[in-house]
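To keep things clear, I will list the structure first and then write my remarks on it.
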Amino acid sequence: MTQPLFRFAPSPNGLLHLGHAYSALLNANLAKRFGGRLILRIEDIDITRCGPEYDAAIIRDLAWLGLRFDEPIRRQSQHFDDYRLLLRRLREAGLVYPCFATRKEIAQAVAAREAETGSPAPRDPDGAPLYPRRCAGLDPAEAQARIEAGEPFALRIDMAKALAEAARIAPEGLAYARFDRDGVITRVPADPARWGDAVIMRKEIPTSYHLAVVHDDAAQGVTHVVRGRDLEAATDLHVLLQCLLGLPTPLYHHHDLIRDEAGEKLAKSRISTPIAQLREEGADPAALRAMLGFEA
Ligand code: GLU
């Protein structure tokens, strides 16, 4: 059996706080328990919000917490060409389509539909209204002309087509395996349809979180994904992309957010306190680890 591989994958768009510390420490704890390795991946695709100062701070804060990662550190911003290749495959398969709509236009279309039907628009698991498929029916030649004229566009998954293709590839249905801290594995059915025609490539960058994370977990050979419950619903979309692109599906563990698990021991206001600030205030990393439920 191959050695388990875990990863901690923060986005450098701010300082790490105790919620991140908890997730990183849990990754390290489970990697050790299952005899695995742990790597660090900096998810810096959002070039407008991610800065090198946060990148450096992440490395410093994690080291201060006592965490060690196997080299090398991967930075997603260095792999845009890999994501472009996957996008090309999805486009050639007709599973994504260009979408030129602005946020404002989408909001207006949603509001118009709500007014027409008298009921609230269906929402995705994050609470955002599902995309009303304005651009899904665009004539391909017209779309191509607009792209060539330089109009910004996103690529959205055509969920109906993608589900049909997934049903052909995996007639047994989409699912993934969840593992718990004792290594017990449970099958979880995936329901990506609840995301509607989600954005797979954003307008300003040649990927999205979903595409990059699925690509990198496969490219790096990640076997065990440990991340917060806030990303659990997104896993359904990840499983769909893995199926369409022929990528392996790792095992997943979505942990409760720290406000639930360690909330009693932490004053609420401290949960979003940057680790850097705690360090400057003289906090002891061993005590912090113990407070979060890990051996000092
Ligand atoms: N980069 C994501 C975040 O910081 C986490 C991605 C993941 O663990 O899949 O929220």
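Whatever order the structure lists them in is the order used to number ligands and atoms, beginning at 1.
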Salt bridge check: are [X] and [Y] linked by an N-O gap of less than 4.0 Å?
| X | Y | answer |
| --- | --- | --- |
| Arg194 | Asp126 | no |
| Arg133 | Asp197 | yes |
| Glu232 | Arg178 | yes |
| Glu92 | Arg89 | no |

Kindly state each residue pair satisfying ring-ring contact (aromatic ring centres under 6.0 Å, His included) with at least one member in residues 139-176, sequence neighbours excluded.
Tyr176-Tyr252

Is Arg187 reaching over with its side chain to a backbone N or O of Ala175, donor-acceptor style, under 3.5 angstrom?
no

Under a 3.5 Å threshold, I'd like every N/O contact between ligand 1 and protein atoms, with atom names and distance.
{"residue": "ligand 1", "atom": "1 (N)", "partner": "Ala9", "partner atom": "O", "Å": "2.7"}
{"residue": "ligand 1", "atom": "1 (N)", "partner": "Ser11", "partner atom": "OG", "Å": "3.0"}
{"residue": "ligand 1", "atom": "1 (N)", "partner": "Glu43", "partner atom": "OE1", "Å": "2.6"}
{"residue": "ligand 1", "atom": "4 (O)", "partner": "Ser11", "partner atom": "N", "Å": "3.4"}
{"residue": "ligand 1", "atom": "4 (O)", "partner": "Ser11", "partner atom": "OG", "Å": "3.3"}
{"residue": "ligand 1", "atom": "8 (O)", "partner": "Arg7", "partner atom": "NH1", "Å": "2.8"}
{"residue": "ligand 1", "atom": "9 (O)", "partner": "Arg7", "partner atom": "NH2", "Å": "2.9"}
{"residue": "ligand 1", "atom": "9 (O)", "partner": "Tyr209", "partner atom": "OH", "Å": "2.9"}
{"residue": "ligand 1", "atom": "9 (O)", "partner": "Arg227", "partner atom": "NH1", "Å": "2.9"}

